[in-house]
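This one's a predicted model, so the numbers in the text were calculated from it and none came from an experiment.
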Amino acid sequence: GIQVEQSPPDLILQEGANSTLRCNFSDSVNNLQWFHQNPWGQLINLFYIPSGTKQNGRLSATTVATERYSLLYISSSQTTDSGVYFCAVGDTNQAGTALIFGKGTTLSVSS
Amino acid sequence: GAVVSQHPSWVICKSGTSVKIECRSLDFQATTMFWYRQFPKQSLMLMATSNEGSKATYEQGVEKDKFLINHASLTLSTLTVTSAHPEDSSFYICSAEREDSYEQYFGPGTRLTVT
């Protein structure tokens, strides 16, 4: 099956710093989503981005499908950005395709 | 929009009892829902795919007789952990796929502790 690798596994930042999280996947994908898991376990949808670039406030994401990677950019980080960031992919273009998750990047932002 | 709820949010049960977890899509219809399991400081692992009106599809290594899934309507899927044991203690999370896209939305999770 498809493999999803995220890097770095851990990231420690000072408030206000910028960061880039990377997601590599081993095969073609038709679905790619970025999530933020908060301390209570809730997965929050950040981006649905099988290809291209999107921006939402301080966050943006780029997926280069032909090169099998996606990047999540966090600018001017805040303490509330702390948590685990997951990249997840689906490898078919059919409805009902489950997501395969990477191991996540744990981000800690200190004030 | 695109809200998924789970109930209960946490449950403690005794070994040998059964526990039912509900997953509801509140503002959209979902032909397909998914059940995941997450152990502390680990990623999400897919347990099964739940399809409305048909049998669930289980991942390899997941006991279908132990983890019963029912998807009775386009907004509700249930996971029943039968004869629970301490090793079943985990964080169970459901997701629902919108019918008009492939994007998935996740419930807040259910923390199960079996004593």
Side-chain angles (χ1 to χ4, degrees), chain A residues 1-7 9-10 21 23 25 28-52 54 56 61 63 65 70 82-108, chain B residues 1-6 9-10 23 28-60 62 69 71 74 77 90-112:
Chain A
I2 196 166
Q3 305 295 314
V4 182
E5 292 185 1
Q6 290 186 243
S7 60
D10 300 284
L21 283 58
C23 173
F25 41 95
S28 302
V29 298
N30 288 283
N31 181 0
L32 189 147
Q33 292 184 240
W34 282 97
F35 299 93
H36 175 212
Q37 189 169 37
N38 66 21
W40 297 272
Q42 172 76 61
L43 280 165
I44 299 165
N45 287 44
L46 298 178
F47 294 102
Y48 170 70
I49 188 166
S51 64
K54 290 185 178 179
N56 184 3
T63 297
S70 182
S82 296
V84 183
Y85 290 80
F86 286 107
C87 167
V89 304
D91 61 355
T92 80
N93 59 1
Q94 298 176 1
T97 299
L99 291 175
I100 300 164
F101 280 75
K103 292 186 177 180
T105 292
T106 301
L107 174 64
S108 299
Chain B
V3 178
V4 177
S5 70
Q6 270 185 252
S9 55
W10 59 271
C23 176
F28 66 99
Q29 293 188 328
T31 304
T32 306
M33 293 183 173
F34 304 90
W35 288 95
Y36 295 82
R37 185 173 181 177
Q38 185 179 31
F39 291 107
K41 300 195 182 297
Q42 293 189 23
S43 188
L44 281 74
M45 296 297 295
L46 178 68
M47 297 176 66
T49 300
S50 171
N51 298 295
E52 188 266 337
S54 64
K55 291 184 178 180
T57 303
Y58 292 82
E59 294 301 297
Q60 191 172 9
V62 177
I69 292 172
H71 194 151
L74 287 173
S77 176
S90 188
F91 191 54
Y92 292 87
I93 311 175
C94 72
S95 71
E97 182 183 86
R98 290 182 65 114
E99 284 193 316
D100 56 355
S101 78
Y102 300 137
E103 187 166 4
Q104 291 187 29
Y105 296 86
F106 283 75
T110 297
R111 199 164 301 279
L112 170 65

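The two residues B/Ile93 and A/Gln37 come nearest to each other via the heavy atoms CD1-NE2, 4.1 Å. Minimum interatomic distance between B/Arg111 and A/Trp40 (heavy atoms only, all atoms of both residues): NH2-O, 4.3 Å.
Heavy atoms of B/Thr49 lying under 4.5 Å from chain A belong exclusively to its side chain. For B/Leu46, the part sitting under 4.5 Å from any heavy atom of chain A is the side chain, from C-beta outward, and nothing else. Contacts between B/Tyr105 and chain A at a heavy-atom distance below 4.5 Å involve backbone atoms as well as side-chain atoms.
More than 12 heavy atoms of other residues, nucleotides or ligands shown are found within 6.0 angstrom of CD on B/Glu59.
Ranked by heavy-atom pairs shorter than 4.5 Å toward chain A, the options B/Ala30, B/Ser9, B/Ser43, B/Ala2 are led by B/Ser43. When each of B/Gln38, B/Met45, B/Gln6 is scored by its heavy-atom pairs under 4.5 Å with chain A, the top score falls to B/Gln38.
The main-chain N or O of B/Phe106 is found under 3.5 Å from a side-chain atom of A/Gln42 such that the two form a donor-acceptor pair.
The side-chain hydrogen bond (donor to acceptor under 3.5 Å, both in side chains) check on B/Gln104 picks up B/Ser95, with sequence neighbours excluded.
Contact annotation for residues 50-58 of chain B against chain A (heavy-atom separation below 4.5 Å): no residues qualify.
A heavy-atom distance below 4.5 Å is not found between the side chains of B/Leu44 and A/Leu99.
Centroid-to-centroid, the aromatic rings of B/Tyr36 and A/Phe101 come within less than 6.0 Å.
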